[in-house]
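Worth knowing before you read on, the calculation uses all heavy atoms, side chains too, and leaves out hydrogens, waters and symmetry mates. Predicted, not measured: the structure shown is a model, and the values here were computed from it. Indexing begins at 1, ligand by ligand and atom by atom, following the structure's order.
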Amino acid sequence: MKTNYRIDDLINHPTVAQTFEEVTRFEKIPTVIMDDAVEASLYVAHEIAALIRRKQREGRQCLLGLATGNTPIRVYAELVRLHKEDNLSFDNVVTFNLDEYYPMKPDSLQSYRRFMQEHLFNHINVRPENIHIPDGTLEPADVISFCRNFDKAISDAGGIDLQILGIGRTGHIGFNEPGSGIASPTRLITLDHLTRTDAASDFYGEDYVPMKAITMGVGSIMKSKRILLMAWGENKASIINKAVEGPITDQVPTSWLQKHPDTQIILDFAASAELTRVKTPWLAGGVTWTDRLIRKAVLWLCAKTEKAVLKLTDRDYIDNAMSDLLTQHGPSNQINIKVFNDLQHTITGWPGGKPNADDTTRPERATPYPKRVLVFSPHPDDDVISMGGTLARLVQQGHQVHTAYQTSGSIAVFDDDVIRYLAFVNQFDEIASLGVEVEKISNDLISLIRNREPGHADADTILKLKAAIRRGEATAACRYVGIPANRVHFLDLPFYETGKVVKKPLSKADVDLVAEIIRELKPHQIYAAGDLSDPHGTHRVCMESILMAIDNVKHEPWFNDCRVWLYRGAWQEWDINQVDMAVPLSPEEVIIKRKAIFKHQSQKDRPLFPGHDSREFWQRAEDRNHATAIAYDKLGMAEYQAIEVFVRYDIQ
Ligand code: F6R
């Protein structure tokens, strides 16, 4: 089964025709960009395997420096596969792990010792005495000598041959947070606030994340003979840019790697987004100017000069390293008008197409009218958060709108909300005199919640109740925008139903459920969350399930009349240079959208998993839609209150 589609494939990213030296000239660490995290993980795993085998032939030990976290999971899976299916032996391997939370029991769900056992060590033949992981159970008085011995054990064994690293959004390697010097040894460190927020979901809340960790130092890492640092997803794009292209500074500890003689950075396409060669390739050298790249470059120039599109002059192009575009497609006035029209044509108040209108320059076709519309929502509230205004408009304009909630969202409901509902049931019992049975059941359920240990998953019944709360909220939001209950579908995709933050891999059962509803409704429009980054990766998996389902149905004749539109979830927005359809919202529609989001009461005030943004979801949605409207306005388009934007997915 094909997994891990490259969402960026969907958005026509620019064609670059430059030499390798040109495109990489801003990069101070050799960097490889791969299509996706799967391909990149295989690349890393195969380098590790080749090294282990070479050392075996030479009759020597192989010292590996290992990392934990989301990034290396697929690398370990491939090493396990190579061990099981390809006779890769780990008999000569000695491992040193980068870090461990402190304090931390080795069998805790969040322990890095446990992570390593579960993802790698339990499945291969590494000798237990060859495994070294910082110990989270030490007495405080023993930590300093433990750290010293850890570094000594590495050098006594001949130094690390190959160190693999992830990167934190603070720029940490290991847990060397900003301020860590180039010579820092293995030591106890206080975790940065951002790192603790990032870890919050693993611990079921930031309050449970330890304040400290024991980490191999930057100095210890720098002594490794070779280093491979991996980063996946657009969440890492900005820090990768700083580490690779920025100055060396202890404020971005990864930048120390610029001084290491043999480091390679391996990125998926999303994590490379802020590198010059991807973000502004024309600054790195000659490019092939496609229409999309012209739009991207002109919008960048507008931002740089703080001018509207039609006010850009030849001089602006020349002064900002864009003479090449001017020579090939100029004068500036001609380029400006082209981009202006192109942007103007993205704007429509008729997301389902305007009946009986000339649709040659509109984003959506006029016929058929009305359309059957299927809106997929990864969690039960992404539809209204991301496209609530468009949703309401589609209904008002007479289309037959269905929503399909892909996951139950059960893990994101506070215990207190469940208890509140159960207390309500108890009162209902009293009022309707249903007898003691109902009261007993709800009290049992309440004690299940109260007796659960912090950081542990819920019992199945509690998860079902949490899912029921979210179903009720989603149905209420749909009702509010005019979608009747019989057009509201809950798919409860099995991959999500672990009750934990860590989900199962996507399977055929998930894809079949998605394909089934598409087949049943035969929609003329599908809306889906084209997301790579939500805190737990659920959006990414939901998107993959839709793309795989589309692969299954796309050859059926009715599908020729179906278009797929991608919105973005609560965590980010499309860049204007990517947008194919922009739906303006009036001030009244903004309020309708806000009220629809309010129906998701369990996520209001402060959701259980807020990610890195402390604003409520309705505030994020409003700020983001308003920011898009301002951006269009600044480019010289009409001035709207708010705009929701979509990218069209070209089905191949
Ligand atoms: C893990 C470690 C950290 C992680 C980094 C990225 O052993 O030392 O530096 O590599 O925090 O974490 P993920 O991969 O979860 O994004």
Side-chain angles (χ1 to χ4, degrees), residues 37 40-41 44 64-77 95-102 104 106 109-121 131-136 150 160 163-178 180 184 186-203 209-210 212-218 220-222 224 227-240 242-243 252-257 263 265-268 270-271 501-503 532-537 540 571 611-612:
S41 301
V44 173
L64 296 180
L66 299 180
T68 52
N70 290 321
T71 311
I73 288 178
R74 287 175 168 125
V75 175
Y76 296 146
T95 67
F96 287 87
N97 258 82
L98 283 167
D99 41 21
E100 176 61 289
Y101 291 108
Y102 183 83
M104 178 57 62
L109 272 182
Q110 300 83 5
S111 138
Y112 282 171
R113 154 64 77 170
R114 178 168 173 167
F115 175 100
M116 289 310 299
Q117 292 299 141
E118 289 183 356
H119 286 281
L120 187 64
F121 298 150
I131 295 173
H132 305 83
I133 301 184
D135 182 354
F150 196 82
I160 289 172
Q163 172 71 56
I164 64 167
L165 297 174
I167 178 171
R169 291 191 314 132
T170 57
H172 70 214
I173 41 177
F175 273 137
N176 291 285
E177 298 289 20
S180 299
S184 52
T186 297
R187 69 206 183 285
L188 188 66
I189 190 160
T190 302
L191 295 175
D192 209 85
H193 174 68
L194 186 58
T195 301
R196 292 186 67 240
T197 345
D198 281 347
S201 53
D202 292 339
F203 284 84
V209 184
K212 293 187 181 281
I214 298 177
T215 181
M216 205 187 270
V218 178
S220 326
I221 294 170
M222 292 292 283
S224 309
I227 297 175
L228 295 178
L229 182 143
M230 303 170 272
W232 325 139
E234 60 267 31
N235 259 340
K236 301 282 171 76
S238 141
I239 193 68
I240 280 291
K242 289 189 185 129
V252 182
T254 310
S255 66
W256 291 125
L257 297 179
T263 290
I265 305 238
I266 295 117
L267 306 177
D268 71 349
V501 170
V502 181
K503 308 295 188 299
L532 286 180
S533 64
D534 74 315
H536 310 149
R540 177 198 289 258
W571 318 104
H612 319 295

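Contacts between Thr215 and ligand 1, counted as non-hydrogen atom pairs separated by less than 4.0 Å, are absent for every part of the residue.
Each of the following atoms of ligand 1 lies closer than 4.0 Å to a heavy atom of Thr71: 13 (P), 14 (O), 16 (O). Counting the atoms of ligand 1 from 1 in the order shown, those under 4.0 Å from a heavy atom of Lys236 are 6 (C), 13 (P), 16 (O). Of all atoms in ligand 1, numbered sequentially from 1 with element shown, those under 4.0 Å from a heavy atom of His172 are 3 (C), 5 (C), 9 (O), 11 (O). Here is the list of ligand 1 atoms found below 4.0 Å of a heavy atom in Ala67: 7 (O). Near Gly174, the atoms of ligand 1 lying under 4.0 angstrom from a non-hydrogen atom of the residue are 2 (C), 3 (C), 8 (O), 9 (O). Residue contact check: Asn70 has heavy atoms under 4.0 Å from atoms 13 (P), 14 (O), 15 (O) of ligand 1. The atoms of ligand 1 that sit less than 4.0 Å from any heavy atom of Gly69 are 14 (O), 15 (O).
The backbone N or O of Ala40 sits nowhere less than 3.5 Å from a side-chain atom of Trp232 that would complete a donor-acceptor pair. A donor-acceptor pair is defined here as one N or O able to donate and one able to accept, closer than 3.5 Å; no such pair exists between the side chain of Gln163 and the backbone of Ile221. Between the side chain of Thr254 and the backbone N or O of Gly171, at least one donor-acceptor pair lies under 3.5 Å. Without hydrogens or angle criteria, Glu100 side chain to Ile133 main chain gives no donor-acceptor distance under 3.5 Å. A distance-only check finds a donor-acceptor pair linking the side chain of Ser111 to the backbone of Arg114 [under 3.5 Å].
The nearest pair of heavy atoms linking Met216 to Thr186 is CA-OG1, 3.3 Å. Between Leu191 and Pro210, the shortest heavy-atom contact is CD1-O, 3.5 Å.
Counting only heavy atoms of the protein, atom 10 (O) of ligand 1 lies nearest to Gly166 CA, 3.3 Å. Looking at atom 1 (C) of ligand 1, its nearest protein heavy atom turns out to be Thr68 OG1, 3.1 Å. At the top of the distance list for atom 6 (C) of ligand 1, counting protein heavy atoms only, stands Ile167 O, 3.4 Å.
Taken to the nearest 0.5 Å, the CD1 atom of Ile266 stands 8.0 Å off from the CG atom of Leu229.
The closest non-hydrogen atom to atom 7 (O) of ligand 1, taken over Ile133, Asp99, Leu98, comes from Asp99.
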